[in-house]
Amino acid sequence: MINQDQFDNLLVEAENEINNGADAAVLYHKYLGRNGKFSTMIKQITTLKTDERKVVGEKAKIIKNRLNYLLQIKTSSNQPSIDLTLPADLTAHGHQHPIETSIARLYQISERLGFVAAQSPEIENEDNNFEFLQIAKDHPARDMQDTFWTVDGRVLRTHTTAFQQNLIKNNHPPFAFVQGGKIYRCEAEDATHLSEFHQFDGFAVAKNLTFADLRGVLFQLIQDFFLRPVELRFRPSFFPFVEPGAEIDMKCFSCTGRGCRSCGYKGWLELLGCGITDQEIIASAGLDPKEYHGLAFGLGVERFAMLYYGVEDIREFTRNDPRFLEQLV
Ligand code: DAH
């Protein structure tokens with residue numbers, strides 16, 4: 001016949017095992033599992049008379065609670081302990097995105113060259129973005145730039161060059177401004193193209209500015225950005241708002257001009273567009289184009305960052321995978 005002592009003995013036996021370091025999960029199974037010792041004993045309680053059943057039942061309940069309690073403590077003491085006196089594990093700090101870092105560096109470098117940071121809106125009127133810069137409605141240059149329009153006829157700027165009109169109309173030359181920021185294009189995305197990316201533009205107007213000033217400013221800016229000796233060349237190119245217009249190429253530093261995959265086997269990498277502001281633009285701002293000249297340039301920040309950091313796929317910048325971004329801090 002099952003009795004109270006047998007339950008007491010069960011507890012003693014279990015306590016011994018617990019104290020001797022047996023595994024908590026094994027003991028749990030052995031004592032409190034479905035076919036464990038406790039279950040086997042409690043089943044026999046039905047053979048007792050009612051008044052005895054009540055007394056032994058009470059005892060069984062206490063023993064079971066105690067066993068449960070001891071095994072729980074045993075389980076939690078198997079967990080790795082926490083040393084509360086250790087210095088706190090501080091949450092990791094975030095860091096600037098490499099594109100933001102690149103824009104900040106470009107501002108820094110151009111400020112040293114005498115430029116002042118300016119800002120124009122991302123949602124522009126058509127005039128600032130196109131007409132003032134002589135990009136006519138039916139001009140082929142508009143195809144790539146015919147992008148996102150608001151219902152009231154404004155456009156998400158397609159280049160940071162859109163800041164020129166307000167600058168030249170609201171500032172008395174000599175002046176020199178730069179702006180970095182986001183722009184929007186009609187572009188299929190691939191390893192070298194995004195439809196939303198960043199540009200950095202410069203615009204200076206003064207008496208006696210020449211192409212030599214443009215060259216001096218840009219060669220210094222590029223050199224300071226890449227932090228190594230670079231070999232650069234001008235290549236004639238067309239942009240509706242400059243005359244003459246040019247692109248600057250940099251000798252590929254992976255192959256030093258021999259031709260490789262990074263430069264498409266050309267030996268040179270296209271870096272940016274630039275030129276001397278078209279005289280009609282100077283005149284349309286009420287300045288005498290014989291007296292005043294402008295220099296302008298515009299570059300793709302992602303392109304500069306790819307070359308600087310050695311990134312092969314421009315889309316990495318927008319995937320926001322910390323494993324990628326943290327390498328570029
Ligand atoms: N806005 C031109 C583009 O998005 C780049 C550019 C070329 C800017 C020549 C300039 C410039 O200021 O003079 O392709």
Side-chain angles (χ1 to χ4, degrees), residues 103 106-107 110 113 115-122 124 126-136 139-148 155-168 175-187 192-206 209-219 221-222 232-250 269-282 284-285 289 292-304 314:
I103 292 177
L106 287 164
Y107 272 125
S110 43
L113 293 169
F115 288 82
V116 174
Q119 228 178 11
S120 67
E122 273 183 47
E124 264 298 1
E126 204 178 345
D127 197 41
N128 284 340
N129 197 83
F130 295 118
E131 267 81 18
F132 177 77
L133 297 169
Q134 312 193 122
I135 308 170
H139 193 282
R142 274 225 189 172
D143 288 355
M144 253 192 7
Q145 309 199 12
D146 210 356
T147 53
F148 304 98
V155 63
L156 296 189
R157 68 177 175 201
T158 65
H159 50 185
T160 41
T161 318
F163 76 158
Q164 288 195 0
Q165 169 152 237
N166 286 323
L167 294 183
I168 199 169
F175 63 73
F177 289 104
V178 279
Q179 155 168 254
K182 192 163 224 200
I183 62 123
Y184 303 83
R185 285 290 171 90
C186 176
E187 194 89 70
T192 52
H193 297 90
L194 290 174
S195 59
E196 288 180 40
F197 58 99
H198 298 78
Q199 282 187 341
F200 189 82
D201 251 74
F203 183 43
V205 176
L209 267 186
T210 69
F211 206 90
D213 296 301
L214 181 70
R215 182 185 191 280
V217 161
L218 286 175
F219 280 28
L221 181 129
I222 294 164
L232 302 166
R233 72 175 185 196
F234 277 108
R235 185 166 35 79
S237 185
F238 176 74
F239 301 96
F241 39 91
V242 283
E243 182 56 41
E247 282 179 58
I248 292 184
D249 298 338
M250 175 169 67
L269 301 153
E270 291 173 21
L271 271 192
L272 56 79
C274 61
I276 295 297
T277 304
D278 193 314
Q279 294 201 348
E280 299 212 4
I281 289 184
I282 301 286
S284 74
Y292 289 97
H293 299 278
L295 65 81
F297 63 90
L299 62 90
V301 179
E302 277 78 357
R303 178 152 184 80
F304 266 52
I314 194 171

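Fair warning: this is a prediction, and the values are worked out from it, not measured in the lab. Indexing begins at 1, ligand by ligand and atom by atom, following the structure's order.
- Contacts between Ala296 and ligand 1, counted as non-hydrogen atom pairs separated by less than 4.0 Å, involve both the backbone and the side chain.
- Applying the 4.0 Å criterion to heavy atoms of Gly275 picks out, from ligand 1, the atoms 13 (O).
- Residues Met250 and Ile222 come closest through the heavy atom pair SD-CG2, 4.4 Å.
- Lys182 and Glu122 are not joined by a salt bridge, as no carboxylate oxygen comes within less than 4.0 angstrom of a charged side-chain nitrogen.
- Between Phe177 and Phe175, a ring centre-to-centre spacing shorter than 6.0 Å is recorded.
- Nearest protein heavy-atom contact of atom 11 (C) of ligand 1 is Phe241 CE1, 3.3 Å.
- Close approach to Arg185 involves these atoms of ligand 1, each under 4.0 Å from a residue heavy atom: 3 (C), 4 (O), 14 (O).
- With ligand atoms numbered from 1 in the order given, ligand 1 contributes 13 (O) to contacts under 4.0 Å with heavy atoms of Val242.
- For Asp201, every heavy-atom contact with ligand 1 shorter than 4.0 Å involves the side chain, none the backbone.
- Under the 6.0 Å cut-off for aromatic ring centres, Phe200 and Tyr107 qualify, their centroids lying closer than that.
- Contact atoms of ligand 1 toward Gln199: 3 (C), 4 (O) (distance under 4.0 Å to a heavy atom of the residue).
- Using bins of under 30°, 30° to 60° and over 60° for the plane-to-plane angle, the ring pair Phe234/Phe219 lands in the parallel bin.
- Residue-ligand proximity, Thr161 to ligand 1, at heavy-atom distances under 4.0 Å covers atoms 1 (N), 8 (C), 12 (O).
- Between Phe297 and ligand 1, an N or O atom pair is found at a separation short of 3.5 Å.
- Listed here is the closest heavy atom pair of Val217 and Leu113: O-CD1, 3.7 Å.
- Taking the six-membered ring where the residue is Trp, His159 and Phe130 present tilted rings, their angle falling between 30° and 60°.
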